[in-house]
4 protein chains.
Amino acid sequence: MKYQLRRSSGTPAYQQIIEQTEQALRLGILKPGDKLPTAREVVESAVVNGNTVLRAYQELQRRGLVESRTGLGTFVVGTLGSADRVDGSGLRQELEQWMTRAREHGLEREDVMALVVSVGDACFAERAPEGRAR
Amino acid sequence: MKYQLRRSSGTPAYQQIIEQTEQALRLGILKPGDKLPTAREVVESAVVNGNTVLRAYQELQRRGLVESRTGLGTFVVGTLGSADRVDGSGLRQELEQWMTRAREHGLEREDVMALVVSVGDACFAERAPEGRAR
Amino acid sequence: MKYQLRRSSGTPAYQQIIEQTEQALRLGILKPGDKLPTAREVVESAVVNGNTVLRAYQELQRRGLVESRTGLGTFVVGTLGSADRVDGSGLRQELEQWMTRAREHGLEREDVMALVVSVGDACFAERAPEGRAR
Amino acid sequence: MKYQLRRSSGTPAYQQIIEQTEQALRLGILKPGDKLPTAREVVESAVVNGNTVLRAYQELQRRGLVESRTGLGTFVVGTLGSADRVDGSGLRQELEQWMTRAREHGLEREDVMALVVSVGDACFAERAPEGRAR
DNA sequence: GTGGTCTAGACCACG
DNA sequence: GTGGTCTAGACCACT
């Protein structure tokens with residue numbers, strides 16, 4: 001697990017850490033029992049303040065995804081989404097092929113993202129309470 | 001064009017407006033000559049302060065995507081990405097099919113997004129200057 | 001609403017703020033719609049750092065008791081306990097009389113508290129999941 | 001004497017041990033000559049690190065409430081408050097009755113505690129040096 | 001002026 | 001060494 005923070009994105013750093021951790025949980029990169037990097041490690045690797053990391057970890061703890069034990073570290077205890085259903089379904093491969101094709105068509109990364117959000121909104125639009133996305 | 005702000009997302013409101021506008025540009029929902037909603041309209045529809053909208057529009061203008069003409073409104077003058085290349089390429093349809101399949105496999109919206117980001121990182125990773133993604 | 005922090009108590013300051021706010025909610029001192037003191041005001045009156053106050057307010061917000069609106073302040077939106085049932089029940093008066101008697105018997109404040117905790121444990125002991133009190 | 005630690009309360013474990021010991025002293029549950037549980041016993045029953053228990057006992061010793069004799073154990077040597085005055089005064093019985101009534105009125109444990117603190121502040125408020133209560 | 005994020009660094013509790 | 005609290009002060013978003 002390695003965090004990639006975009007400092008200029010406007011999204012708070014501690015929130016990016018939360019999002020990336022949840023993403024890793026969804027993708028099965030992190031599983032219950034796994035140890036998150038220590039706050040100190042993240043400070044070094046992601047060039048961010050220790051408090052910021054702790055804040056993110058505490059929020060993850062509050063969400064029941066993680067548990068911190070002083071002197072030991074922070075460990076995954078919850079799961080998120082359905083990462084396991086992806087493996088063996090071919091979904092990933094198909095997406096890779098599609099994205100390669102999109103790229104060959106001249107689409108940039110951000111174009112692809114915008115398209116995915118747009119299609120996702122339509123596809124997963126079932127009475128979303130309010131505020132579909134960003 | 002209608003803005004959907006997530007107030008609790010942590011991402012500043014004015015930035016969400018910018019992002020959604022740029023996204024619309026990439027998707028071809030907005031094209032040069034189009035008129036953005038007036039600040040007043042956004043204030044009402046998105047429950048946000050007028051100054052916030054103006055700040056977002058100013059930033060869009062600074063980026064050369066938009067032009068405000070007093071008394072008339074704010075108009076799109078620039079383009080972004082390669083929206084036109086999507087039409088007729090079948091890319092959108094393929095994505096829709098893929099996403100439907102993903103959904104039938106039990107994936108949630110957030111799972112799909114995590115997967116897309118993950119694959120996107122791999123696919124568009126070429127000499128990322130630094131901090132290519134989140 | 002005025003916070004009285006015991007800095008030497010070992011209990012974190014931000015947590016004392018949370019506890020006292022919840023207590024005020026239980027006692028009906030704070031009701032939905034009421035405005036909490038601004039972080040700045042608490043900083044001055046309670047001699048504590050602004051971040052510490054914000055942290056407490058954010059936790060209260062997370063618990064759904066309070067809502068912060070930038071530029072406006074922090075407002076009570078939730079309720080807690082059954083404060084209204086105390087009024088008119090005579091419970092408060094009876095407690096006051098009992099406590100006066102206890103004091104005349106030579107009990108100190110801390111003695112009273114210890115006694116109350118002890119009796120409370122017995123009286124409200126219904127299968128508490130684990131960890132009854134301090 | 002059995003310690004009940006709330007791990008999530010924010011209050012340090014070693015302090016909870018101190019508080020509970022003092023409370024027992026005030027209530028007469030512990031009297032001079034009594035033996036505290038050995039650190040080892042506490043470690044097992046309260047799932048806490050041995051050093052933490054020792055630190056608490058040292059603090060109690062510093063306060064003159066307790067004395068550790070190597071090879072024998074830790075023994076109560078001091079008193080606190082006026083526990084003896086409670087017995088035979090009827091105070092405890094009255095409190096029990098009041099609390100039962102409170103409970104029948106629908107008050108929760110936390111409501112009662114908030115009320116007691118509130119009344120206690122008023123009743124024992126005399127020239128509080130500063131920050132008399134929470 | 002109000003809430004909120006971030007930093008740098010100190011100090012504490014715990015293993 | 002690991003998580004956690006607190007401070008002082010800077011800077012930002014929003015009303």
Side-chain angles (χ1 to χ4, degrees), chain A residues 5 7-17 35-43 46-61 66-75, chain B residues 5 7-17 43 47-56 59, chain C residues 5 7 9-17 35-43 46-61 66-75, chain D residues 5 7-8 10-17 43 47-56 59:
Chain A
L5 303 189
R7 305 314 298 275
S8 62
S9 81
T11 306
Y14 85 101
Q15 202 147 348
Q16 293 186 39
I17 294 177
K35 183 171 184 288
L36 291 189
T38 70
R40 263 94 167 170
E41 285 169 354
V42 178
V43 165
V47 197
V48 72
N49 184 280
N51 289 330
T52 304
V53 183
L54 286 183
R55 188 172 174 193
Y57 279 12
Q58 281 170 21
E59 174 62 18
L60 287 168
Q61 186 164 15
V66 128
E67 216 172 85
S68 293
R69 266 169 289 172
T70 308
L72 294 179
T74 301
F75 301 85
Chain B
L5 303 189
R7 303 311 297 270
S8 61
S9 80
T11 307
Y14 89 107
Q15 197 147 350
Q16 294 186 39
I17 294 177
V43 165
V47 197
V48 74
N49 186 288
N51 292 330
T52 305
V53 184
L54 290 183
R55 194 177 318 169
E59 174 61 18
Chain C
L5 303 188
R7 305 315 299 274
S9 81
T11 306
Y14 86 103
Q15 202 147 350
Q16 293 186 38
I17 294 177
K35 183 172 184 287
L36 291 189
T38 69
R40 263 93 168 173
E41 285 169 355
V42 178
V43 165
V47 197
V48 72
N49 184 279
N51 290 329
T52 305
V53 183
L54 287 182
R55 187 170 176 195
Y57 280 11
Q58 281 170 21
E59 173 62 17
L60 287 168
Q61 187 164 14
V66 128
E67 216 172 84
S68 293
R69 269 168 287 171
T70 309
L72 294 177
T74 301
F75 301 85
Chain D
L5 303 189
R7 305 311 298 271
S8 62
T11 306
Y14 88 107
Q15 197 147 351
Q16 293 186 39
I17 294 177
V43 165
V47 197
V48 73
N49 185 287
N51 292 330
T52 305
V53 183
L54 290 183
R55 193 176 319 169
E59 173 61 18

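As the structure is a computational prediction, the values presented were derived from the model and not from experiment. Reminder, nothing fancy here: chain letters follow the sequence lines and each chain counts from 1.
Neither OP1 nor OP2 of F/dT5 sits under 4.0 Å from any side-chain N or O of C/Thr52. In this model, the phosphate group of F/dG3 is not approached by any side-chain N or O of A/Gln61 to a distance below 4.0 Å at OP1 or OP2. For the OP1/OP2 pair of F/dT5 and a distance below 4.0 Å, the side-chain nitrogens and oxygens of C/Tyr14 include at least one atom meeting the criterion. Side-chain nitrogen and oxygen atoms of A/Thr74 include at least one within less than 4.0 Å of the OP1 or OP2 phosphate oxygen of F/dG3. An OP1 or OP2 oxygen of F/dG4 is reached within less than 4.0 angstrom by a side-chain nitrogen or oxygen of A/Ser68. Put simply, A/Arg55 has a side-chain N or O that comes within less than 4.0 Å of OP1 or OP2 on E/dT5. For F/dG1, the OP1/OP2 oxygens have no side-chain nitrogen or oxygen of A/Thr38 closer than 4.0 Å.
Residue whose closest nucleotide on DNA chain F sits further toward the 5' end, between A/Leu36 and C/Gly71: A/Leu36. Across the interface with DNA chain E, nearest-nucleotide mapping of C/Arg69 and D/Asn49 shows C/Arg69 to be the residue nearer the 5′ end.
Taking atom CZ of C/Arg7 as the reference point, atom C1' of F/dT5 lies 10 Å away to the nearest angstrom. Between the CD1 atom of D/Ile17 and the C1' atom of E/dA13 there is a distance of 12 Å, given to the nearest Å. Here E/dT5 presents its P atom at 13 Å from CD of A/Gln58, a figure rounded to the nearest Å. Regarding A/Leu54, its CG atom lies at a distance of 14 Å from the C1' atom of E/dG9, rounded to whole Å. Rounded to whole angstrom, the span from the NZ atom of C/Lys35 across to the C1' atom of E/dG1 amounts to 10 Å. Rounded to whole angstrom, the span from the CZ atom of A/Phe75 across to the C1' atom of F/dG3 amounts to 11 Å. Residue A/Glu67 contributes atom CD, which lies 15 Å from atom C1' of F/dG4 at whole-angstrom precision. Atom pair D/Glu59:CD and E/dC12:P shows a separation of 13 Å (rounding to whole Å applied).
Closest contact between the side chain of C/Val48 and the listed nucleotides E/dG4, F/dT7, F/dG4 involves F/dT7. Ranking E/dC6, E/dC14, E/dG4 by closeness to the D/Pro12 side chain, first place goes to E/dC14. Distances were taken from every side-chain heavy atom of C/Thr70 (C-beta onward) to each of F/dT5, E/dT2, F/dG3; the shortest belongs to E/dT2.
The distance from atom CZ of A/Arg55 to atom CG of A/Asn49, rounded to the nearest 0.5 Å, is 11.5 Å. The CD atom of C/Gln16 sits 7.5 Å away from the CZ atom of C/Arg7 when rounded to the nearest 0.5 Å. Here OG1 of A/Thr74 is found 9.0 Å from CG of A/Leu60. Values are rounded to the nearest 0.5 Å.
Using a 4.0 Å heavy-atom distance criterion, A/Gln15 is classed as making no nucleic acid contact. Residue A/Arg40 is in base contact, counting any heavy-atom pair closer than 4.0 Å across all strands shown. Looking at heavy-atom distances under 4.0 Å, C/Tyr57 makes no contact with the nucleic acid at all. Counting any heavy atom pair closer than 4.0 Å across all strands shown, C/Glu41 reaches no nucleic acid atom. Heavy atoms of C/Leu72 sit under 4.0 angstrom from primed sugar atoms or phosphate atoms, though from no base atom.
Remark: DNA chain F takes part in the stems E:1-14 with F:1-14, each of 3 or more antiparallel Watson-Crick or G-U pairs, criterion distances under 3.5 Å.
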Next item on the list: Go through C/Ile17 and C/Tyr57 one step at a time and tell me if the side-chain contact (heavy atoms from CB on, under 4.5 Å) criterion holds.
Entry: CA-CA 8 Å; C/Ile17 294 177; C/Tyr57 280 11; 4.3 Å; yes

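Among all heavy-atom pairs drawn from B/Gly10 and A/Pro12, the shortest one is O-CD, 3.8 Å. Between B/Ala13 and B/Thr52, the shortest heavy-atom contact is CB-CG2, 4.0 Å. Closest heavy-atom contact between A/Ala39 and A/Val53: CA-CG1, 3.8 Å. Residues A/Thr11 and B/Thr11 share a closest heavy-atom pair of OG1-OG1, 3.6 Å.
A/Gln15 contributes a side-chain N or O that, together with a main-chain N or O of B/Ser9, makes up a donor-acceptor pair within less than 3.5 Å.
For C/Asn51 and E/dG3, a side-chain-to-base donor-acceptor distance below 3.5 Å is absent, hydrogens and geometry of angles not being considered.
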